[in-house]
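Working notes, beginning with the structure itself.
FYI, the numbering just counts along the sequence from 1.
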Amino acid sequence: MSSNTITARVAFSFQGASHDLETIVDLDHCLDEEAPNFHLLLAKASGIDPYSYLYEVLESYEIEFSQPTGAAVHSCVDGAFDWFHFQQDAREEADMQVVGHIAQRLLGVADLAARDDLKAALLAAYRAGKETGSRT
């Protein structure tokens with residue numbers, strides 16, 4: 001799977017001081033969460049105590065997102081980031097890698113994208129197996 005990252009940035013002033021915070025977020029480590037708290041991630045990366053007034057001010061500003069990599073590319077548009085769209089894309093990419101490997105290893109199909117029927121069948125079987133396995 002490719003590395004999925006995004007740069008989160010916020011700039012603001014508090015008590016006469018300018019703050020320009022930026023961090024690169026590894027989205028792969030957040031995939032199982034509902035949505036990461038990007039304000040908290042920025043604060044921690046910048047050494048800001050989440051129980052401070054500075055953190056409260058930080059939370060009141062909107063974060064700008066840029067430089068997405070991997071599956072995050074399609075979820076970052078005009079500085080906004082759609083977490084739920086990213087999760088869907090990342091899971092789709094992960095499923096396709098597994099199914100592509102199976103198709104190549106067991107069926108000798110090197111380019112699964114050229115075989116929509118086979119791709120759909122393998123994806124359906126793989127996902128059904130994942131769903132059944134998660135219920136046990």
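- Annotation: the span from Asn37 atom CG to Glu59 atom CD amounts to 6.5 Å, rounded to 0.5 Å.
- Nearest approach of Asp20 to Ala11, heavy atoms of both residues: OD1-CB, 3.9 Å.
- In terms of heavy atoms, Asn4 sits closest to Ala72 at OD1-N, 4.0 Å.
- Contacts classified as ring-ring contact (aromatic ring centres under 6.0 Å, His included) and involving residues 23-57 (residues at least two apart or in different chains) are given here: Phe38-Phe65.
- Legend: residues meeting side chain to side chain contact (heavy atoms under 4.5 Å, CB included) with Asp111, ordered by chain and number and at least two apart, are Ala113, Ala114.
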Stepwise side chain to side chain contact (heavy atoms under 4.5 Å, CB included) check, Thr23 with Lys44: CA-CA 10 Å; Thr23 191; Lys44 285 183 177 182; over 6 Å; no
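- In this structure, the side chains of Glu64 and Thr7 stay at 4.5 Å or more apart for every pair of heavy atoms.
- Closest heavy-atom contact between Pro36 and Leu41: CB-CD1, 4.0 Å.
- Shown here for Ser18 and Ser13, the closest heavy-atom pair between the two residues is OG-OG, 3.7 Å.
- Closest heavy-atom contact between Cys76 and Pro68: CB-CG, 3.7 Å.
- Side-chain contact check for Val10 versus Glu62: every heavy-atom pair is 4.5 Å or farther apart.
- Each of Gln87, His85, Gln88 was checked for a side chain to side chain contact (heavy atoms under 4.5 Å, CB included) with Ser75, and the lone residue meeting it is His85.
- No hydrogens or angles considered: a donor-acceptor pair under 3.5 Å links the side chains of Thr5 and Thr69.
- Counting only distance, with no hydrogens or angles, the side chain of Ser60 and the backbone of Val57 share a donor-acceptor pair below 3.5 Å.
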Stepwise side chain to side chain contact (heavy atoms under 4.5 Å, CB included) check, Cys30 with Trp83: CA-CA 10 Å; Cys30 308; Trp83 172 253; 3.7 Å; yes
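- Here the side chains of Leu42 and Tyr61 are not in contact, with every heavy-atom distance at 4.5 Å or above.
- The environment of Asp117 atom CG is dense: over 12 non-hydrogen atoms of other residues, nucleotides or ligands sit within 6.0 angstrom.
- Under the 4.5 Å side-chain criterion, counting only non-hydrogen atoms from C-beta, Leu123 is in contact with Glu92.
- When all heavy atoms of Val25 and Ala8 are compared, the closest pair comes out as CG2-CB, 4.4 Å.
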Stepwise side chain to side chain contact (heavy atoms under 4.5 Å, CB included) check, Asp49 with Leu54: CA-CA 8 Å; Asp49 184 348; Leu54 180 58; over 6 Å; no
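- When the shell of 6.0 Å around CD1 of Ile24 is examined, it contains 12 or fewer heavy atoms from other residues, nucleotides or ligands.
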